[in-house]
> 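My questions all concern the structure below.
Residue numbers begin at 1 in each chain, while the letters A, B, ... track the order of the sequences. Computed from a predicted model, the values in this text were never measured in an experiment.
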Protein chains: 2
Amino acid sequence: METRELRYFVAVAEELHFGRAAHRLGMAQPPLSRAISQLERRLGVDLLHRSSRSVALTEAGAVLLREGRAALDAVAAAERRTRRASENPGLVLVSKAGAAGELLPKMLDAYAAEPGAVPVEVVLCGAGQQEALLRDGRADVALLHLPFDSTAGLDTEELSTESQVLVMPAGHELSTRSSLRMSDLADVPWPRWPELDGTYAPGPGPEVHDATQLLQLISLGRAVTVLPESIRTSLHEGLTTVPVLDAPLVTTVIAWPPHSRSLALAGLIQAATRI
Amino acid sequence: METRELRYFVAVAEELHFGRAAHRLGMAQPPLSRAISQLERRLGVDLLHRSSRSVALTEAGAVLLREGRAALDAVAAAERRTRRASENPGLVLVSKAGAAGELLPKMLDAYAAEPGAVPVEVVLCGAGQQEALLRDGRADVALLHLPFDSTAGLDTEELSTESQVLVMPAGHELSTRSSLRMSDLADVPWPRWPELDGTYAPGPGPEVHDATQLLQLISLGRAVTVLPESIRTSLHEGLTTVPVLDAPLVTTVIAWPPHSRSLALAGLIQAATRI
DNA sequence: GCGTTTCCATACCCCCACGGTATCGCTGCG
DNA sequence: CGCAGCGATACCGTGGGGGTATGGAAACGC
């Protein structure tokens with residue numbers, strides 16, 4: 001199967017419309033129709049139920065859509081990483097903006113001090129995007145925070161585990177407590193983070209899209225939230241924290257695509273786990 | 001990048017010889033040379049150091065070899081799974097021969113009792129092959145045993161954790177002990193399992209390639225070994241076990257490729273975790 | 001109910017890119 | 001210095017991928 005065929009099929013399967021898919025692919029509709037039927041004939045599998053009015057996926061077609069997307073991602077990642085490897089011998093590390101605390105600089109310093117260390121470019125992105133960046137080859141390695149991020153399909157090493165604290169303005173009614181439980185926070189509206197598609201789920205809390213914005217909202221008394229305790233080192237005045245005893249523990253892991261353990265990456269991982 | 005180009009490059013990168021690579025690909029050498037230089041020109045990256053006498057990978061070439069293999073695997077898996085989905089709506093589960101104990105039949109029964117369950121084909125294979133079967137699409141889901149198997153690049157759910165026991169013939173000198181420590185076994189020669197390539201590492205222990213063979217060797221007094229305690233339910237007479245207190249705990253997990261969570265697979269995973 | 005619109009499939013043509021053969025040019029070796 | 005080995009280049013033929021025009025079936029409007 002050629003990637004061209006996969007691209008064609010994925011386009012048709014997503015649009016469920018040969019005309020639109022052909023337009024998206026920058027080609028005419030008839031060759032696209034032919035390409036898909038050839039693919040079906042070569043696989044010996046019906047991928048689409050067609051009537052002259054509508055197109056629908058068969059069971060097998062749904063499988064090929066899922067698997068084909070992953071395969072196309074893998075090909076794109078191969079190309080991107082190859083290009084990056086030639087123009088820049090370094091690594092690209094991705095982390096959530098504002099979430100890395102002191103671990104990240106320590107790790108980078110420790111790695112930079114090693115013989116044979118390569119430059120590490122740090123990319124900060126929104127929550128939930130790290131996986132996509134790793135999968136399609138724009139990044140080599142990521143810092144993830146369990147249990148929030150998923151490590152599906154990645155190799156990982158645990159770096160640290162920490163408890164969580166409630167972050168609030170200094171004058172907040174809960175700021176005098178020495179510790180809290182989740183039940184104390186039952187009726188607090190949580191800030192809402194964007195979904196993968198960039199939209200927000202409905203709810204009472206304020207919409208936020210990065211940690212800076214969140215901390216500013218907290219300063220203004222418009223929000224409170226529970227964050228890993230390492231956030232305390234980067235809080236400005238006017239904010240205070242109280243431990244939340246039964247909040248889930250947050251584990252920071254370093255994660256990378258399983259097949260891509262280059263020498264440089266192995267060094268960085270090793271440096272990270274030694275901290 | 002087309003898969004054809006990737007196949008060509010991988011062949012050349014593995015052979016480091018255009019003539020042999022072309023032969024392996026069933027084509028003549030000149031079009032292969034051209035295809036590779038075109039690929040290099042299109043990527044804008046030198047993949048190979050060539051002299052008229054020898055070929056060597058550049059840094060970027062090494063990256064493309066790694067990533068390209070993974071991408072080709074993904075494409076092959078997409079094709080295989082699609083074909084399987086059309087001719088057979090079931091799932092293929094792979095487990096190490098003799099390692100699944102009672103968990104596997106329980107799991108299959110629990111799943112089969114569910115509404116909408118599909119047939120599950122069980123494939124038993126040698127140690128360390130499950131990952132390859134999952135990666136290239138010949139299987140949908142696997143039972144793995146940590147810490148022996150690696151779950152790199154897979155999604156997993158823990159099913160059970162058990163301690164390990166020493167398995168030996170009934171008359172063995174250690175069989176009268178109520179428990180053991182690893183230090184008691186320091187000078188016991190371990191049976192040797194095949195490596196990924198099918199060869200055996202040198203060493204004093206007997207060579208084995210499946211659990212049946214191993215148990216027979218133990219019956220004959222030619223070997224002893226440490227196995228998860230669930231093995232006890234399937235031991236025939238003449239073999240006995242003693243707990244090894246400080247042997248690593250064995251966790252059985254169910255594992256699947258991260259992007260392939262079909263409805264049927266989700267059902268099987270759920271049934272498995274409920275046990 | 002018939003024209004119209006909206007799709008996907010078919011028919012036909014063209015061109016390019018892929019693969020083949022022949023050959024060159026470089027290099028290490030006897 | 002000649003030869004053998006190997007990759008690159010030159011040139012050619014063909015198959016297949018893409019284009020346009022058109023067919024044909026199904027939903028929709030009046």
> How would nucleotides 15-20 of chain C be written as a contact map, 5' to 3', with B for base contact, S for sugar-phosphate-only contact and - for no contact, using protein heavy atoms under 4.0 Å?
---SBB
> Could you tell me how far apart A:R41 (CZ) and D:dG16 (P) are, to the nearest whole angstrom?
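It is 11 Å, rounded to the nearest whole Å.
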> If I take atom CZ in residue A:F18 and atom C1' in nucleotide C:dC8, what distance separates them, rounded to the nearest angstrom?
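Answer to the nearest Å: 7 Å.
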> Does the salt bridge (Lys or Arg N to Asp or Glu O under 4.0 Å) test come out yes or no for A:R84 and A:E121, once each step is laid out?
CA-CA 12 Å; A:R84 275 223 328 267; A:E121 182 183 342; over 6 Å; no
> Atom pairs under 3.5 Å, N or O on each side, protein against nucleotides 28-30 of chain C: can you list them with distances?
none

> Could you tell me whether a side-chain N or O of B:Y111 sits under 3.5 Å from a main-chain N or O of B:P119, the two making a donor and an acceptor?
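Checked: no pair found.
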> Please answer whether the main-chain N or O of A:S33 pairs with a side-chain N or O of A:S37 as donor and acceptor at a distance below 3.5 Å.
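Yes; judged by distance alone, with no hydrogens or angles, the pair exists.
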> Counting side-chain heavy atoms from CB outward, which of D:dC6, C:dC8, D:dA8 is closest to B:R50?
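Out of D:dC6, C:dC8, D:dA8, the nucleotide with an atom closest to B:R50's side chain is D:dA8.
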> Would you please say whether a donor-acceptor pair under 3.5 Å links the side chains of A:T3 and B:E2?
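Per modelled atom types, A:T3 and B:E2 side chains form a pair under 3.5 Å.
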> Could you tell me the separation between the CZ atom of A:F9 and the P atom of C:dC8, rounded to a whole number of Å?
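Checked: the CZ to P distance equals 14 Å.
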> Passes salt bridge (Lys or Arg N to Asp or Glu O under 4.0 Å), A:R50 versus A:E40? Steps please.
CA-CA 13 Å; A:R50 309 144 152 93; A:E40 288 180 303; 2.8 Å; yes
> Under the salt bridge (Lys or Arg N to Asp or Glu O under 4.0 Å) rule, what do B:R20 and B:E14 come out as? Steps first, then yes or no, please.
CA-CA 10 Å; B:R20 279 197 302 274; B:E14 285 179 354; over 6 Å; no
> Quick one: pull up CG in A:L159 and CD1 in A:I269 and give me the separation to the nearest 0.5 Å.
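Between atom CG of A:L159 and atom CD1 of A:I269 there are 10.0 Å.
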> Quick one: which of B:R83, B:R135, B:R81 gives a salt bridge (charged side-chain N to carboxylate O under 4.0 Å, His left out) with A:E67?
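Passing option: B:R81.
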> Which whole-number value in Å describes the distance from B:H23 NE2 to D:dC6 C1'?
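Rounded to whole Å, this separation is 16 Å.
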> If you compare every side-chain N and O of A:S33 against the phosphate oxygens of C:dA9 (OP1, OP2), does one of them come in below 4.0 Å?
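Yes, A:S33 has a side-chain N/O under 4.0 Å of OP1/OP2 on C:dA9.
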